[in-house]
Amino acid sequence: MAFSLSATCWRFSVPAIALALGLASCTPQTPSAPPSTSTGSSPAPASGGGATISISGAGATAPNPLYQRWFQEYNKQNPTVQISYDSVGSGAGVKRFLDQTVDFGASDAVLKPEERSKLPSARGSAIQVPTTGVFIVFAYNLDGVDNLKLSREAFCGIVDGSVKTWNDPKIVKDNAGVTLPNEPITFVHRSDGSGTTDIFTHHLVKACPNWKAGAGKTIEWSTGTGAKGNEGVSANIQQTKGAIGYTEYSYAKQIKLKTATLQNKAGTFVPPTPDAAAKALSGVTVPADYAVKVPDPEATDAYPIVSLTWMLLYEKPQDPAKAKALTEFLKWAYKDGKQYADELGYLPLPDELVTKVSGTLDTIKVAAK
Amino acid sequence: MATSTSRTAMPTQRSNSSRLLDKGFVWVTGAFAIGVGLVLLAIAYRVGTDSLPAIQRFGLGFLATTRWSVNDEVFGALTQIYGTLVTSFIALLIAVPIGIGVALFLSEDYLPPRIKQPIVFLIELLAAIPSVVYGLWGIFVLIPLLRPFGIWLNANFGWIPIFSTAPAGPGIYAAGIILSIMILPIIAAISRDALVAVPTEIRQAAYGLGATRWETIFQIILPAAFSGIVGGIMLALGRAMGETMAVTMVIGNSNSIDLSILSQGSTVSSLLANQFAEAGGLQVSSLMYAALILFGLTLVVNVLAELIVRRFSLKL
């Protein structure tokens, strides 16, 4: 149980205070620009020669467990490449990417046009590539109920507060043979601004006719308890009998929470498995900026709440050597990194998407100067 | 050196370097003191300027409305102000009597020093625990422990408005109790120092006039140490109002005002902790506005404390 205690970059901290407090995360990192002596570093295990390349990134929390694992495994195979990642949240990741205080950003939401325009032209355009798919589950804590099925009207009712007890007819209807207690439902949602909430509420907008709060990273919840971070939500569910909440699948998997089977657009009840979630992503048309959105997938056997998560890269990076190492890492992640995605409960990208993304990565000016 | 000679010889004996050192010391310490004040002003200035858009847009209505909608860009912080005041009040309600009691017990000679010192040490150690640890402890230990009691309170005393909702786990009561534990060492340690600092002569004079220990404590020692104790309470209140992490983890973070302390709520600090990282535009200025209000609240509390001390402290 680790709560990420990432220091937030307070905007009112004058530089002097930032220095005094040692808020390293707030001080701009001027790339030290190591002379590109290690130009020929290949993904194959380095022979120990060449300077260490330290790459830093920041952003979304949802893919953090996977990223950390990837960086760790990649570093084992390529000891000269060290990648550190600060899971400060998608919004902060985008901000740091635009401020150029990191080598890459990561976000659960695609860049908006006005965000793209903030990147100085010296860095070229912002390149946004998907890294993995995430899906969001309803995790719950209810003794004696192992395979909860939630129809659309049932989970819509839970999130807007109109379904208040576990034995509400809307829930009972689809759970024949299960004794549901007459106990209040405690809905747990995110209290901090989050990409997970963004994905989840975009689905609600499509799936729930009575949903009025809209979609976004922070919305007005009319019911429930707010908890900070995916780990906060899962901890709250774990500790509270009768609780249900949405969290990224890998977090629920990690502490073995029970997860609900959901009804999708076609009306099928689909259990939250990586296979079912992957079906939501197959066959979708991919725009040039990879802004694939599947708020409510059509496929009959697709799990309904699925999204991609993205890494943000500079077309003309300040430090080509770092950028080269980073693109090599990403290519490794799409191929050899798949096993870790499977293991942790993330969705590896479909092959045709990987081919396309590799082409995009080659457009990054890694050998400039 | 005999005092008589040194007194007369002093002006000529002091070397220039010693005098320079003296002056330098005054300047350096003065600069530190002013520097701290400047840092505060710099923060207040930045918070103030950043909150201007929200102040212009919402004015004082910000203090009286509860809607916090990022999508519609409508912000009001009444829920958070209410939550801050209520949680801090609960924390003081619990921590002040216990803290002063502990301080009295440890400043009197009830225990031999060999036993007393470790207890003093343990209480002060409470202040060194990181707040995220308090938060985790709150989620995994305190809330499961309190919830049955809360349900019982609601079932039997639900007609009292402050117990009128069934607890869902996290809530204002949990935040208040966590805060009380966090501020207890501050109150206990500072009060104890204040009590110990009461001159022995006063105590002996009271005994000499035939006062019992009970009378001495309540009519002589406590009033004599009053300003120190109030100072400690105010420091503690400042901590309680500004506490972020632990409160965020146990308060439930819901944007609604309910008289019931068993319901979820939100404080200004928890709002900032939750939303700052992902905020943009008017939301940032609104968060800054909320921070400015917290500044204001703290200022008011401190001024009140100063007034109380002036009004009631025993003139020695």
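Here is the naming used below: chain letters follow the sequence lines, and residue numbers restart at 1 for every chain.
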* Asked: Between the side chain of B:Thr244 and the main-chain N/O of B:Gly242, is any donor-acceptor distance below 3.5 Å?
  -> yes
* Applying a criterion of heavy atom separation less than 4.5 Å, what residues of residues 67-88 of chain B form contacts with chain A? -> B:Arg67, B:Trp68, B:Ser69, B:Val70, B:Asn71
* If you measure only the distance, is there a donor-acceptor pair under 3.5 Å linking the side chains of B:Ser266 and B:Asn255? -> no
* Strictly by modelled atom types, are A:Thr197 and A:Tyr246 linked by a side-chain donor-acceptor pair under 3.5 Å? -> yes
* **No-hydrogen, no-angle side-chain donor-acceptor test under 3.5 Å, A:Thr247 and A:Asn230** => yes
* Asked: Tell me, side chain or backbone of A:Ala243 under 4.5 Å from chain B's heavy atoms, or both, or neither?
  -> neither
* Measure distances from A:Thr218 to the heavy atoms of chain B and classify the residue's part below 4.5 Å as side chain, backbone, both or neither. => both
* **A:Ser162 side chain to A:Asp160 side chain, donor-acceptor N/O pair below 3.5 angstrom** => yes
* **A:Lys258 side chain to A:Asn141 backbone, donor-acceptor under 3.5 Å** => no
* Counting only N and O atoms by type, is there a donor-acceptor contact under 3.5 Å from the side chain of A:Asp192 to the main-chain atoms of A:Gly229? -> yes
* Does anything in residues 150-164 of chain B get under 4.5 Å of chain A by heavy atoms, and if so which residues? -> none
* Given that the side chain runs from C-beta out, which part of A:Ser222 has a heavy atom under 4.5 Å from chain B: side chain, backbone, both or neither? -> neither
* Identified side chain to side chain contact (heavy atoms under 4.5 Å, CB included) partner of A:Leu257 from the options A:Ile237, A:Val233, A:Ile244 -> A:Ile237
* Asked: Parallel, tilted or perpendicular for A:Phe138 and A:Phe200, by the 30°/60° rule?
  -> perpendicular
* Asked: Do the non-hydrogen side-chain atoms of A:His203 and A:Trp211 ever get within less than 4.5 Å of each other?
  -> no
* Do you see a donor-acceptor pair shorter than 3.5 Å between the side chains of B:Thr267 and B:Ser269? -> no
